[in-house]
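The structure appears below as structure tokens.
Quick note: residue numbers are just sequence positions, from 1.
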Amino acid sequence: MDRREAIREVTMLLGGTLVGAELLASCVPGEKAKDTVAGKEHIAFLNEVGDTILPPTKTPGAKEADVGSFMLVMVQDCYSPQNKQAFFEGIGKIDEAATKKSGKKFMQLDAGQRTALLIDLDAEQEEYMQSKKREEPTHYFRMMKELTLLGYFTSEVGATQGLRYVAVPGRYDGDVPYKKGDKAWAG
């Protein structure tokens, strides 16, 4: 049994609880798209989308975690060809939606306009996902949103500043008092 098959089997046993089984079982390194001009443009674009989803507040936002690079690598190396195509077509669709709504491309919008646009796209993806057939690709914005969250909270910035983090935790305590507004723990 090779590594990929072992990961696929373990993922199936666990039911793909954290990340979809398809994603974990299909990761294969591809070309280094992030080193190309188009790759760098995609990274900048995806960082701005991610930063709109998780903007900086008291903690750094998604752009500081460089979620654009994370998204590009994950899509290139781990997504099925059908989802990969939907994801990259989605970048163009976001620009089309921005132009239709405000007459400007996404990168030219201010923060409020970007947020309003992504709220509309989130509603669109919710509707799409409820009626989607199994063989159809996942909605591009859903992939972007999920990858933003995964990339941010698994990054050093997200795990140490966005979440509470203890490098070497002590004993297990299952009854820790919670105060409203406390950060979640990094795992």
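Here the straight-line distance linking atom CG of L109 with atom CD of E48 works out to 10.5 Å at 0.5 Å rounding. To the nearest 0.5 Å, the span separating CE on M71 from CG on D66 amounts to 9.5 Å. Note that CD of E127 is 9.5 Å distant from NE2 of H139, once rounded to the nearest 0.5 Å. How far NZ of K93 is from CG of L121: 10.5 Å, rounded to the nearest 0.5 Å. To the nearest 0.5 Å, atoms CD1 (I53) and CG (D122) are separated by 8.0 Å. Distance check: S69 OG to N47 CG gives 6.0 Å after rounding to the nearest 0.5 Å.
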Chi angles and distances behind the side-chain contact (heavy atoms from CB on, under 4.5 Å) call for D51, T148: CA-CA 9 Å; D51 219 44; T148 295; over 6 Å; no
What do the steps show when you test D120 against F141 for side-chain contact (heavy atoms from CB on, under 4.5 Å), and what is the final call? CA-CA 10 Å; D120 291 346; F141 185 69; over 6 Å; no
Kindly determine whether L54 and F153 satisfy side-chain contact (heavy atoms from CB on, under 4.5 Å), including the steps that lead there. CA-CA 11 Å; L54 282 175; F153 288 111; 4.3 Å; yes
I would like to know whether Q125 and Y140 meet side-chain contact (heavy atoms from CB on, under 4.5 Å); could you show each step before the answer? CA-CA 8 Å; Q125 72 85 14; Y140 65 91; over 6 Å; no
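Aromatic ring orientation, Y79 versus F87: perpendicular (interplanar angle above 60°, classes split at 30° and 60°).
The local environment of CD in Q82 is crowded, with over 12 non-hydrogen atoms from other residues, nucleotides or ligands closer than 6.0 Å. Counting non-hydrogen atoms of neighbouring residues, nucleotides and ligands closer than 6.0 angstrom, the NZ atom of K101 exceeds 12 such neighbours.
In terms of modelled atom types and a separation under 3.5 Å, the side chain of S155 and the main chain of Y152 share a donor-acceptor contact. In this structure, the side chain of N83 does not engage the main chain of P137 through any donor-acceptor pair within 3.5 Å. Under the 3.5 Å distance criterion, the side-chain polar atoms of D182 are matched with a main-chain donor or acceptor of K179. Judged purely by atom type and a 3.5 angstrom limit, E136 uses its side chain to pair as donor or acceptor with the backbone of K133. For the pair Q113 (side chain) and D110 (backbone), a donor-acceptor distance under 3.5 Å is present. Counting only distance, with no hydrogens or angles, the side chain of E64 and the backbone of G61 share a donor-acceptor pair below 3.5 Å.
Under a hydrophobic-cluster definition in which Ile, Leu, Val, Met, Phe, Trp and Tyr are linked whenever side-chain heavy atoms come within less than 4.5 Å, directly or via other members, Y128 and I91 are assigned to different clusters. The cluster map of Ile, Leu, Val, Met, Phe, Trp and Tyr, joined by side-chain heavy atoms under 4.5 Å apart, puts V157 and L150 in the same cluster.
Checked for salt-bridge contact, E146 and R142 meet the test: a charged N lies under 4.0 Å from a carboxylate O.
Inter-residue side-chain proximity for V49 and R114 is flagged as unmet; no heavy-atom pair is nearer than 4.5 Å. The side-chain heavy atoms of I43 and F70, taken from C-beta on, include no pair separated by under 4.5 Å. At a threshold of 4.5 Å between non-hydrogen side-chain atoms, the residues L46 and M144 count as touching. Between F106 and T52, the closest side-chain pair of non-hydrogen atoms falls below 4.5 Å.
Nearest heavy atom pair, residue L117 against residue A98, reads CD2-CB, 3.7 Å. Between M107 and D95, the shortest heavy-atom distance links the atoms N-OD1, 4.4 Å.
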